[in-house]
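Structure first, commentary second.
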Amino acid sequence: MGAGAAGLFCGGRLAERGADVLVLDHAKRPAEKVRISGGGRCNFTNIHTSPANFISANRHFAKSALARYSPWDFCDRVAQRGITWHEKTLGQLFCDQKSGAIIDMLVDELTAPGGKLRLETSIGEVTHRSGRYEVETSAGPVSARNLIVATGGLSIPKMGASGLAYDIARQFGHDIIPTRPALVPFTFSGELKDAFAELSGVSCMVDAKAGDGPGFHEAMLFTHRGLSGPAMLQASTYWHESQPVEIDLAPGDPVLEDLRAARDSQPRTSLSSWLGKRYPARLASYIASWPTMPANKQLAQLSKGEMDDIALILKKWRVVPVGTEGWRTAEVTSGGINTDGLSSQTMESKNQPGLYFIGECVDVTGWLGGYNFQWAWASADACAKAIA
């Protein structure tokens with residue numbers, strides 16, 4: 001079930017091993033999230049993939065599958081297809097061609113060995129009788145010895161996302177870790193929303209962190225609703241309601257030392273002008289307007305305490321979002337099927353033989369930058385190897 005990245009890849013691996021495979025999906029076209037990923041270039045993996053790049057209630061669960069199917073394993077398959085790629089920042093690999101090249105590869109690897117793909121097919125009741133799964137569909141009933149659920153999570157509902165995987169998991173006795181949007185922009189209200197709207201389109205490099213998550217050194221983008229960009233999307237995965245997001249607006253820079261040096265070399269320069277040399281004009285003006293910023297003072301007039309305060313607020317700017325943009329724009333789902341009920345070696349249900357869950361529906365959420373695709377490939381491969 002599910003003709004996304006995990007479902008197609010698992011189906012292809014089974015078909016090439018001689019299994020009789022049918023992949024079902026209610027969409028008109030397969031792998032729509034693959035199609036839109038990476039700005040249409042498909043950021044299909046990340047060469048730095050490790051278990052540390054994923055969050056889960058069980059941080060050890062993903063280790064086995066990721067260790068047994070690496071980014072280079074998928075790269076080899078892509079290369080055999082004649083698809084070329086390039087590396088962008090932080091180990092992200094993108095197709096030189098459009099993302100459709102990856103989709104064509106996934107579909108061809110399923111259908112060429114004899115696997116079948118059935119689209120525009122809605123799924124109804126699922127039952128298990130006499131060692132076989134019976135699935136009611138809009139095209140009639142389907143019976144199979146093994147049922148692989150790869151229908152994804154709740155992100156981007158306009159592309160057909162649903163909670164089907166969670167419903168099936170509950171039906172067979174599995175627990176669901178509460179789900180929430182992840183890799184999603186933050187939203188704000190009141191004065192912050194108004195200020196950020198005025199800054200819409202401005203971006204800068206920051207270090208950002210939320211909750212107990214790590215710091216992310218990436219770009220931040222101001223929007224009409226709040227804060228976006230890779231740094232904010234990454235932080236959102238670790239954020240919970242009412243928590244602040246801590247932002248270093250001068251990542252890697254010793255602000256206090258820079259201020260002191262500027263005071264010695266340019267004593268008559270105003271703090272406002274000094275900020276203008278460090279940040280885009282609109283952002284510099286916004287920072288200068290903060291009540292704690294003595295923007296009109298010359299650097300020579302700044303006291304030690306004022307310089308300490310300036311350095312602190314630039315290095316540890318804390319803002320509290322009112323929420324996120326939600327499922328509409330979230331790239332992935334955090335939470336999902338509790339991994340305590342699954343085998344980390346095979347993705348098979350511990351409650352129900354022959355029932356497997358792979359990809360985004362499982363409580364394994366990767367960082368931005370190709371990690372979630374690598375989890376799709378790795379979990380799918382583990383499942384396929386266990387079945388055939």
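Here, residue 1 is the first one in the sequence, and each next residue gets the next number. The shown structure was predicted, so the numbers you read here are calculated from the model rather than taken from an experiment.
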(message) For the aromatic rings, using the six-membered ring if either is Trp, is the centroid distance between W377 and F44 under 6.0 Å?
(response) no

(request) State which residue, out of D253, D207, D248, fulfils the side-chain hydrogen bond (donor to acceptor under 3.5 Å, both in side chains) condition with K315. (result) D248

(request) Report, as yes or no, whether the 6.0 Å neighbourhood of atom CD on E87 holds more than 12 heavy atoms from other residues, nucleotides or ligands. (result) yes

(message) Can you confirm whether M1 sits close enough to L147 that some side-chain heavy atom of one is under 4.5 Å from a side-chain heavy atom of the other?
(response) yes

(message) Could you report the tightest heavy-atom contact between P185 and T329, atom names first, then the distance?
(response) CD-OG1, 3.6 Å

(message) Are V322 and F186 packed together at the side-chain level, in the sense that at least one heavy-atom pair is separated by less than 4.5 angstrom?
(response) no

(request) Count the heavy atoms of every other residue, nucleotide or ligand shown that sit under 6.0 Å from CZ of R17, and state whether that count exceeds 12. (result) yes

(request) Over all heavy atoms of both residues, which pair between C361 and G152 is shortest? Give the atoms and the distance, please. (result) CB-O, 3.4 Å

(request) Would you check if the distance from the ring center of F74 to the ring center of F373 is below 6.0 Å? (result) no

(request) Measure across S379 and I358 and return the closest heavy-atom pair with its distance rounded to 0.1 Å. (result) O-CG2, 3.6 Å

(message) Less than 3.5 Å apart, any donor N or O on the side chain of K33 or S155 sitting next to an acceptor on the other?
(response) yes

(message) Give me each pair satisfying side chain to side chain donor-acceptor pair (under 3.5 Å) with a member in residues 285-300, each pair once, sequence neighbours excluded.
(response) K297-E306

(request) For this output row, return yes or no: ring centroids of F188 and F222 closer than 6.0 angstrom. (result) no

(message) Counting C-beta onward and ignoring hydrogens, is there a side-chain heavy-atom pair between L342 and E348 closer than 4.5 Å?
(response) no

(message) Measuring only between side-chain heavy atoms, which start at C-beta, is L66 closer than 4.5 Å to T49?
(response) yes

(request) Flag the pair M220 / L249 as yes when at least one side-chain heavy-atom distance between them is below 4.5 Å, and no otherwise. (result) yes

(message) How long is the straight-line distance from OG of S273 back to CZ of R268, given to the nearest 0.5 Å?
(response) 14.0 Å

(message) Could you measure the distance from the OG1 atom of T84 to the CD atom of Q97? Nearest 0.5 Å is fine.
(response) 4.0 Å

(message) Check whether N372 reaches the backbone of G366 with its side chain - one donor and one acceptor, N or O, closer than 3.5 Å.
(response) yes

(request) Answer yes or no on whether K88 is positioned over the face of F94, meaning its NZ or CZ is under 6.0 Å from the six-membered ring centre and within 45° of the axis. (result) yes

(message) Determine whether a donor-acceptor pair (N or O, by modelled atom type, separation under 3.5 Å) exists between the side chain of T269 and the backbone of W274.
(response) no

(request) Say whether I102 and I36 are linked into one hydrophobic cluster, either directly or through other cluster members, by side-chain heavy-atom distances under 4.5 angstrom. (result) no

(request) Answer yes or no: is there a donor N or O on one side and an acceptor on the other, between the side chain of S236 and the main chain of V184, under 3.5 Å? (result) yes

(message) Using a 6.0 Å cut-off, check whether atom CG of D20 has over 12 heavy atoms from anything other than its own residue.
(response) no

(request) Scan side-chain atoms only and decide if E134 and H128 contain a donor-acceptor pair under the 3.5 Å cut-off. (result) no

(message) Between the side chains of D96 and R41, is the shortest nitrogen-to-carboxylate-oxygen separation below 4.0 Å, so that they form an ion pair?
(response) no

(message) Check this for me: does any side-chain nitrogen of one of D308 and K304 sit under 4.0 Å from a carboxylate oxygen of the other?
(response) yes

(message) What I want to check is whether the side chains of S99 and R35 have a donor and an acceptor closer together than 3.5 Å.
(response) no

(message) Check whether R68 reaches the backbone of Q345 with its side chain - one donor and one acceptor, N or O, closer than 3.5 Å.
(response) yes

(message) Please determine whether a side-chain nitrogen of the Lys or Arg among E109 and R81 lies less than 4.0 Å from a carboxylate oxygen of the Asp or Glu.
(response) no

(message) Side chains of S349 and H174: any donor to acceptor distance under 3.5 Å?
(response) yes

(message) By the salt bridge (charged side-chain N to carboxylate O under 4.0 Å, His left out) test, which pairs, at least two apart or in different chains, include something from residues 374-388?
(response) D381-K385

(request) Check for a donor-acceptor pair, side chain of D73 on one end and backbone N or O of S70 on the other, with a separation under 3.5 Å. (result) yes

(message) Less than 4.0 angstrom from a charged side-chain N to a carboxylate O is my criterion; do K209 and E218 meet it?
(response) no

(message) If the threshold is 4.0 Å, N to carboxylate O, is there a salt bridge linking E257 and R260?
(response) no

(request) Please indicate whether R59 has more than 12 foreign heavy atoms, meaning atoms of other residues, nucleotides or ligands, lying under 6.0 Å from its CZ. (result) no

(request) Kindly give the heavy-atom pair with the smallest separation between P294 and L302, and that separation in Å. (result) CG-CD2, 3.6 Å

(message) With a 4.5 Å cut-off on side-chain heavy atoms, are T89 and P230 touching?
(response) no

(request) With the side chain counted from C-beta on, respond yes when D25 and T121 share a heavy-atom pair under 4.5 Å apart, and no when they do not. (result) no

(request) Using atom types as modelled and distance alone, determine if a side-chain donor or acceptor of N338 lies under 3.5 Å from a backbone N or O of I177. (result) no

(request) Check whether more than 12 heavy atoms from other residues, nucleotides or ligands sit under 6.0 Å from atom NZ of K316, and answer yes or no. (result) no

(request) Could you go through the side chain to side chain donor-acceptor pair (under 3.5 Å) check for T127 and R129 one step at a time? (result) CA-CA 7 Å; T127 56; R129 300 188 185 93; 3.1 Å; yes

(request) Would you indicate whether the side-chain heavy atoms of M232 and L221 approach each other to under 4.5 Å? (result) no

(request) Give a yes or no answer on whether the side chain of N43 reaches the backbone of G370 with a donor-acceptor pair at less than 3.5 Å. (result) yes

(request) Please test E360 against T333 for side chain to side chain donor-acceptor pair (under 3.5 Å), starting from the C-alpha separation and ending with a verdict. (result) CA-CA 7 Å; E360 187 182 345; T333 302; 3.0 Å; yes

(request) Could you tell me the separation between the CH2 atom of W367 and the OG1 atom of T237, rounded to the nearest 0.5 Å? (result) 10.0 Å

(message) Could you check whether T187 and E325, counting side-chain N and O atoms only, form a donor-acceptor pair closer than 3.5 Å?
(response) no

